[in-house]
Amino acid sequence: MALRFHNSLTRQRETFQPLVPGKVGMYTCGPTVYNYAHIGNFRTFVFEDLLRRSLRFLGYQVTQVMNFTDVDDKTIRGSQATGESLDAFTARYKQAFFEDLDTLRVERAEVYPEATTHIEEMVALIEQLRERGHTYEDNGSIYFRIASFPGYGRLANLNPDQMRTSGRVDNDEYEKEDVRDFALWKAWTPEDGPVFWETRLGKGRPGWHIECSAMSMKYLGEHFDLHTGGVDNRFPHHENEIAQSCCATGQSFVSTWLHSEFLLVEGKKMSKSLGNFYTLRDLLDKGLDPVAIRYTLLSVHYRAQLNFSFDGIEASAQAVRRLRDLYRRLEQAHLHQGPGSGGRAEVATELCRADFTAALEDDLNLAGALGRLFLWVREANSLLDEAVLSVAEAQTMELWLKEVDSVLDVLKEDCDENAEACVARLVEERVKAKAAKDFAAADRLRAEIEALGWVVKDTAAGPVFHRR
RNA sequence: GGCGGCGUAGCCAAGUGGUAAGGCAGAGCUCUGCAAAAGCUCCAUCACCAGUUCAAAUCUGGUCGCCGCCUCCA
């Protein structure tokens with residue numbers, strides 16, 4: 001089986017062929033750092049995490065670039081509202097973003113370029129477009145003329161002539177030749193205050209779309225493998241990126257475009273007016289387990305709308321618990337070494353590996369892969385119940401589960417080591433109490449452990465414990 | 001007006017021609033000092049209608065319902 005993706009550009013499933021065998025360059029549109037990112041944003045970021053982890057699982061070397069949009073209308077307005085400099089304002093949200101990524105166990109990209117530190121690259125790109133006749137100026141601003149790019153609309157599957165035109169656009173955007181044109185460079189206005197750059201293009205700031213063209217090509221080359229984002233970025237943002245990049249370089253830009261669908265909350269698109277708008281921090285305040293949130297975001301195919309519900313989080317938490325319980329059992333299997341399963345362990349594991357891998361290769365069908373994984377989980381538990389696993393077999397199974405977890409990243413428990421050591425002592429005491437048939441003491445210790453928020457389970461191999 | 005997606009058990013969800021994965025919840029059983037976990041068993045004919053086919057959740061046409069995009073938005 002070969003890795004296949006549904007390419008938004010062609011709307012077809014295609015076999016993935018990186019430009020350089022074994023290596024993948026991917027650009028993932030990052031956050032505009034003017035507030036805390038919400039759960040819908042994280043649906044996309046977790047999808048991109050699944051993508052990079054899957055690529056690595058499949059043996060590719062990945063270079064991921066994720067930008068920070070740290071200058072635009074919203075960041076400027078935000079900084080003015082708090083009276084901070086733009087840099088100080090956005091720095092807070094950049095840091096918060098990284099904290100949130102850690103909470104959700106999203107792996108770090110290789111490069112996080114910021115728009116404000118790549119002004120020169122953008123200016124050079126705009127100059128290149130100007131030389132090739134794709135731009136025009138008005139009052140110091142520079143616009144991209146989409147009529148100069150015949151391929152415009154291909155990604156979004158929109159015919160420019162049939163786009164709906166509204167009166168509102170006509171009124172607001174009178175300075176453009178065509179309402180569909182977009183700004184590459186915005187001339188300074190008094191509302192921008194201290195936010196401007198004096199450049200060869202004049203005094204002003206870059207438009208939004210140009211940063212992604214400039215920074216992706218700087219770090220990944222003029223033509224690279226994968227570009228991803230939420231569906232809402234498909235048009236106009238990504239369409240404009242294609243226009244800018246192709247017109248500037250004269251060659252194709254991105255091989256494969258991947259777009260993740262929207263996340264709904266309780267069946268509705270998230271919005272502040274509906275009261276179903278949640279940042280990650282809001283959800284943590286409600287006591288939700290971040291790993292359960294991660295699992296939920298992961299377990300629905302990225303091109304399907306995901307309905308986020310609190311019941312769903314509970315179901316995910318249980319599924320994660322099942323995986324963790326098995327992992328603990330495998331870790332401790334050496335304590336009651338068996339005679340060997342007669343090949344059952346190996347066969348089950350190899351079948352699982354083949355099916356799990358095939359599902360991932362099929363446009364990142366993680367839901368299908370998980371279905372197959374849980375079949376193996378049952379088999380593994382059965383073998384443990386029968387106490388037949390040899391030490392080597394248990395290790396093989398444990399290794400496979402760890403390998404799966406290089407994609408899922410849900411096994412590790414968040415707990416501070418002091419608490420764990422403390423509970424471990426109570427568990428030890430309880431073992432002694434039980435050995436002495438002092439069940440009253442054993443029950444008292446169990447209650448104590450549970451009061452600390454932990455659960456202890458007695459198994460054939462001795463007690464195991466974990467956070468509730 | 002133009003483009004696109006979706007509708008599978010109580011909930012989530014996989015499955016693009018061969019007779020319905022998996023998770024959660026629920027019921028019963030086994031095991032168990034207790035408590036859990038685990039294992040076993042049970043729980044759907046795939047929105048509706050009409051076609052194509054030896055065979056359709058899967059293809060075609062239509063109906064109903066839901067959702068998204070057409071320059072703020074992951």
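Residue numbering restarts at 1 for every chain, and letters A, B, ... go by the order of the sequence lines.
Taking atom CZ of Phe310(A) as the reference point, atom P of rA25(B) lies 19 Å away to the nearest angstrom. Computed from coordinates, the Asn365(A) CG to rU16(B) C1' distance equals 13 Å when rounded to whole Å. With rounding to whole Å, Asn157(A) atom CG is found 9 Å from rC3(B) atom P. In this structure, Leu370(A) atom CG and rG15(B) atom C1' are separated by 15 Å, rounded to whole Å. For the pair Arg11(A) CZ and rG5(B) P, the interatomic distance rounds to 9 Å; values are reported in whole Å. When rounded to the nearest whole Å, the span between CG of Leu297(A) and P of rC12(B) equals 16 Å. The nearest whole Å value for the distance from the CG atom in Leu155(A) to the C1' atom in rC69(B) is 12 Å. A straight line from CG of Asn41(A) to C1' of rC72(B) spans 13 Å, rounded to a whole angstrom.
Taking Leu351(A) as the reference, Val347(A), Arg372(A) meet the side chain to side chain contact (heavy atoms under 4.5 Å, CB included) condition, with sequence neighbours excluded. Shown here are the side chain to side chain contact (heavy atoms under 4.5 Å, CB included) partners of Asp405(A), two or more places apart in sequence or in another chain: Leu408(A), Asp409(A), Val410(A), Leu411(A). Residues meeting the salt bridge (Lys or Arg N to Asp or Glu O under 4.0 Å) test with Asp73(A), sequence neighbours left out: Arg205(A). Residues satisfying the side chain to side chain contact (heavy atoms under 4.5 Å, CB included) test with Thr90(A), not counting sequence neighbours, are Val33(A), Asp70(A), Thr75(A), Leu86(A), Lys94(A). Residues satisfying the salt bridge (Lys or Arg N to Asp or Glu O under 4.0 Å) test with Arg324(A), not counting sequence neighbours, are none. When the side chain to side chain contact (heavy atoms under 4.5 Å, CB included) test is applied to Ala243(A), the partners found at least two apart in sequence or on another chain are Phe144(A), Phe149(A), Tyr152(A). Applying the side-chain hydrogen bond (donor to acceptor under 3.5 Å, both in side chains) rule to Arg92(A) yields the partners Glu84(A); only residues at least two apart in sequence or on another chain are considered.
Counting any heavy atom pair closer than 4.0 Å across all strands shown, Gly371(A) reaches a base atom. Contacts of Ala319(A) with the nucleic acid, taken as non-hydrogen atoms under 4.0 Å apart, involve only primed sugar atoms and P, OP1 or OP2. Across all strands, Phe439(A) comes closer than 4.0 Å to base atoms (heavy-atom distances). Residue Leu263(A) is classed as a base contact, given a heavy-atom separation below 4.0 Å to a base. Base contact: Arg430(A) has a heavy atom under 4.0 Å from a base atom. Residue-level contact check: His301(A) touches the backbone only, with heavy atoms under 4.0 Å from sugar-phosphate atoms and none from bases. Residue Asn233(A) is in sugar-phosphate contact alone, with no base atom involved, counting any heavy-atom pair closer than 4.0 Å across all strands shown. Contact annotation for Gly229(A): backbone-only contact, meaning every heavy-atom pair under 4.0 Å involves sugar-phosphate atoms and none involves a base. Trp208(A) comes within contact range of the sugar-phosphate backbone alone, with a heavy-atom separation under 4.0 Å but no base atom that close. Residue contacts for Arg329(A): at a heavy-atom cut-off of 4.0 Å it reaches the sugar-phosphate backbone alone, with no base atom in range.
When the nucleotides rA74(B), rA36(B), rC34(B) are ranked by their closest atom to the side chain of Lys457(A), rA36(B) comes out on top. Checking rC70(B), rG33(B), rA74(B) against every side-chain atom of Leu158(A), the shortest atom distance belongs to rC70(B). Comparing rC24(B), rG33(B), rA74(B) by their closest approach to the side chain of Ala442(A) singles out rG33(B). Here rA13(B) is the nucleotide among rC3(B), rA13(B), rC70(B) with the atom lying nearest to any side-chain atom of Val300(A).
Stem analysis of RNA chain B (at least three stacked-register Watson-Crick or G-U pairs, each with both distances under 3.5 Å) gives B:1-7 with B:64-70, B:10-12 with B:22-24, B:26-30 with B:38-42, B:47-51 with B:59-63.
Using atom P as the reference point in both rG33(B) and rC40(B), the two lie 22 Å apart (nearest Å). When the C1' atom is compared between rC48(B) and rG4(B), the two are found 23 Å apart, to the nearest whole Å. Using atom C1' as the reference point in both rG1(B) and rA44(B), the two lie 41 Å apart (nearest Å). Spacing between rA14(B) and rA20(B) at atom C1', rounded to whole Å, works out to 10 Å. Here, rA38(B) and rC49(B) have their P atoms 40 Å apart, quoted to the whole Å. For the C1' atoms, the distance linking rA25(B) with rG10(B) amounts to 8 Å, nearest Å.
Looking at heavy atoms from C-beta onward, Tyr143(A) lies out of side-chain contact with Phe182(A) at the 4.5 angstrom threshold. Proximity of Cys29(A) to Glu241(A): side-chain heavy atoms (C-beta onward) are separated by under 4.5 Å at one or more points.
A parallel orientation is assigned to the rings of Phe97(A) and Phe42(A), their planes being inclined by less than 30° (bins at 30° and 60°).
Salt bridge status for Asp102(A) with Arg108(A): present, with a side-chain N to carboxylate O gap under 4.0 Å. The pair Arg52(A)-Glu110(A) meets the salt-bridge criterion, with a side-chain N (NZ, NE, NH1 or NH2) lying under 4.0 Å from an Asp/Glu carboxylate O. Salt bridge annotation for Arg322(A)-Asp325(A): absent, with no cationic side-chain nitrogen under 4.0 angstrom from a carboxylate oxygen. Ion pairing between a basic and an acidic side chain is recognised when a charged N comes within 4.0 Å of a carboxylate O; Lys432(A) and Asp438(A) show no such pairing. The pair Arg353(A)-Glu350(A) meets the salt-bridge criterion, with a side-chain N (NZ, NE, NH1 or NH2) lying under 4.0 Å from an Asp/Glu carboxylate O.
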Q) Given Lys186(A) and Asp192(A), is the salt bridge (charged side-chain N to carboxylate O under 4.0 Å, His left out) satisfied, shown in steps? A) CA-CA 10 Å; Lys186(A) 296 182 169 183; Asp192(A) 290 344; over 6 Å; no
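Contacts classified as side-chain hydrogen bond (donor to acceptor under 3.5 Å, both in side chains) and involving residues 378-388 of chain A (residues at least two apart or in different chains) are given here: Arg329(A)-Asn381(A), Arg329(A)-Asp385(A), Arg344(A)-Glu386(A).
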Report all interatomic pairs (protein N or O, nucleotide N or O of nucleotides 66-68 of chain B) with separations under 3.5 Å.
residue : atom : partner   : partner atom : Å
rC67(B) : O2'  : Gln305(A) : OE1          : 3.3
rC67(B) : O2'  : Gln305(A) : NE2          : 2.7

Check the interface with nucleotides 39-41 of chain B: list each N/O to N/O pair with the protein under 3.5 Å, or write none.
residue : atom : partner   : partner atom : Å
rG39(B) : OP1  : Arg322(A) : NH2          : 3.4
rG39(B) : OP2  : Arg322(A) : NH1          : 3.3
rG39(B) : O4'  : Asp385(A) : OD2          : 3.0
rG39(B) : O3'  : Ser382(A) : OG           : 3.4

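In the interface, the side chain of Arg446(A) is paired with the base of rA35(B) through a donor and an acceptor atom under 3.5 Å apart.
Across the interface with RNA chain B, nearest-nucleotide mapping of Arg321(A) and Ile39(A) shows Arg321(A) to be the residue nearer the 5′ end.
A heavy atom lying under 4.0 Å from RNA chain B marks the following residues of residues 72-81 of chain A, by number: Lys74(A).
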